Amino acid sequence: METIKIGMLGIGTVAKGTYRTLEMNRRKIEEATGVSLEITKILNRHPERDRGIDIPKEKYVTDADEIFHDPEIQIVVELIGGIDTATEYMAQALASGKHVVTANKAAIMANGQMLQELAQENHVLLRFEASVAGGIPILTAIQDPLAANEFSEILGILNGTTNYILTQMTEHGTNYAVALRDAQEKGFAEADPTADVEGIDMGNKLSILISMIYGFGLPQSQIPTKGITDIASADIEFAKEFGYRIKLLASAKKKGSKLEASVQPTLVPEDHVMAGINNEYNAVYLSGNAVGDLMLYGKGAGSMPTGSAVAGDIISVAREIQKGSAYDLTPPLRYDAKLYYNGEGNSKYYIRLAAVDRPGMLGRIGSVFGRHGIGIQTMIQRSGGNSYSKTVPVIFIVYDINRSNLQTALNEIEQEKSVMSVENVLRVLK
Ligand code: HSE
C-alpha cells in the first residue's frame, strides 16, 4: 500500500484531534482510500512538555525547515494558529511544492487569496474546511453539492466558545467568567480568547463564507462586529421574558447588488431553529434558490470535531494525489463580485435603559423615538416603588430601523434628565 507522508506544524488542541482521528480510524481510512497516511514529523518547539498524547518522540522536530525540506513529505498541516508565522509557514510549504491543509480562519481570512495564488503557481492544493464551523463540512457543501444555488441569506452560529458561554448563562445562570474558563478548559476557545468573545473569530469565518458564496471580498475588519462581553444576565432574562434567546449570530444578506453583513449578539425568537443551537454546537442556515432553506448543524469547536475536519481535508488531498490531480482550477475563495456593501442593514432592536422612575419619563423617551420615526413594538419598565428617585431598567423593542439612525435617537434620549444611561442595544431577529 502506498504511504503518503505528512508533516504537521503544531501539537495543540486541533493537532491532537487530527492525530487521534487518523490513528483511531486508520484501518477504515486505508480501506476507503487505498493509502496509508503517516504523520512523520511534527513541529513541537517544546518537546520536553507533556502534551497529554502518546506520540513517538522521534516524530518531533523543533525546526519547521525539517518539514519543508523533507522531500518525502507531500502534505503540510498548519495548526499553529495566529496570522503572520502561520501564513509564512504555509507560503513556504506551498512554495516547496507541498499541499497544505489548515484550520486557520484568521490566516485564511487575511491571506487566503495570496495563498491560493501561490498554491496554483506551485501546482499544489490548499484546503481549509476546518477553518469554518469546526466539524461541519460547510465549505465542501458550498463548493460541491450546493454549487448550483444562488443564496440570498447566510445565518450562522460560527463560534463554539461564545455559544457555550451564552448557553451556560441562559440555561444555568452561570457567571460569564466561569463559563469562559470552562470553555477554555474544554478546548473550545482560542489560545487568547479575545478573538472569540469579541466576535472577531466569527467575523473571520463569515468573511470566508461571504467570499465563497458571494465572491465578494469583505475583510473581517469591515464587518460591523460586536461580541458578547457586555451581555448582562439582565439582558438574558429580559430576552426570555419577551420570548427570545440571545445568540451571537453572523448574518449576510444579498438584496440585488447590495450586500449586508454583521456579527452581533441577537435576540432570536425562541421558536426559531437557531434558538435551539446550544453549547459548542454551531449551525449554518442558508437560503438557496434551488435547494430552498437548509441548515447544517454540528460541533463547531473542540479537538476531535475540528480534527475530524482537518483529517477529512488530508484524505481529500491524498485522493487528489492518487489521481494525479495537481491543483484547483477554480480556487474556492473569490473576490471578483461587484457588490455594493451596505453595512449591517435595517433591523428590529432591543434597547435596555437605566432611567429614574418618575412621571413623564416614558413620555419623553417615547416622543424622541417618535420624532425620529422609530416605532415601539414592546416595552417593559420595572417598578421604582413610586419613589420618584429609584433607577430602574426600561426595555424597548423597536421596529426596523437603521443602526446609525437609532444611535442618533439614543444620543438624544441619553440627554433626557430621567435617563441615566443606555445599557445595551442588541439586534432582534425577525
Ligand atoms: N475558538 C473557536 C470556537 C474554535 O470557539 O469556535 C473553532 O474555530
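Start at 1 and go down the list; that is how both ligands and their atoms are numbered. Heavy atoms only: backbone and side chains are in, while hydrogens, waters and symmetry mates are out. Given the structure is predicted, the values throughout are model-derived calculations rather than measurements.
- For ligand 1, none of its N or O atoms has an N or O atom of N282 under 3.5 Å away.
- For the pair R352 and F238, the cation-pi test (distance below 6.0 Å, angle within 45°) is failed.
- Checking K254 against N342 by side-chain atom types alone, no donor-acceptor pair falls below 3.5 Å.
- Residues L43 and I67 approach most closely at N-CD1, 3.9 Å, considering heavy atoms.
- With ligand atoms numbered from 1 in the order given, ligand 1 contributes 1 (N), 2 (C), 3 (C), 4 (C), 5 (O) to contacts under 4.0 Å with heavy atoms of F188.
- The ring of Y214 has its center no closer than 6.0 angstrom to the ring center of F151.
- Residue D196 has at least one heavy-atom neighbour below 4.0 Å for each of these atoms of ligand 1: 1 (N), 2 (C), 3 (C), 5 (O).
- Not one N or O of A189 is nearer than 3.5 Å to an N or O of ligand 1, by distance alone.
- Considering only non-hydrogen protein atoms, atom 5 (O) of ligand 1 sits nearest to T161 OG1, 2.6 Å.
- Using a 4.0 Å cutoff on heavy atoms, T306 does not count as a contact of ligand 1.
- The ring of F369 has its center closer than 6.0 angstrom to the ring center of F396.
- Checking E280, E190, K205 against atom 1 (N) of ligand 1, the nearest heavy atom belongs to E190.
- For L158, no nitrogen or oxygen atom sits less than 3.5 Å from a nitrogen or oxygen atom of ligand 1, counting backbone and side chain alike.
- Assignment of K105 to the shell around ligand 1 is supported, since a heavy atom sits closer than 4.0 Å.
- Among A103, G134, G160, G300, the residue whose heavy atom lies nearest to atom 7 (C) of ligand 1 is G300.
- Ring-plane geometry between Y281 and Y297 is classed as parallel, the angle between the planes falling under 30 degrees on a 0 to 90 degree scale with a further cut at 60.
- No side-chain donor-acceptor contact under 3.5 Å links E260 and N346.
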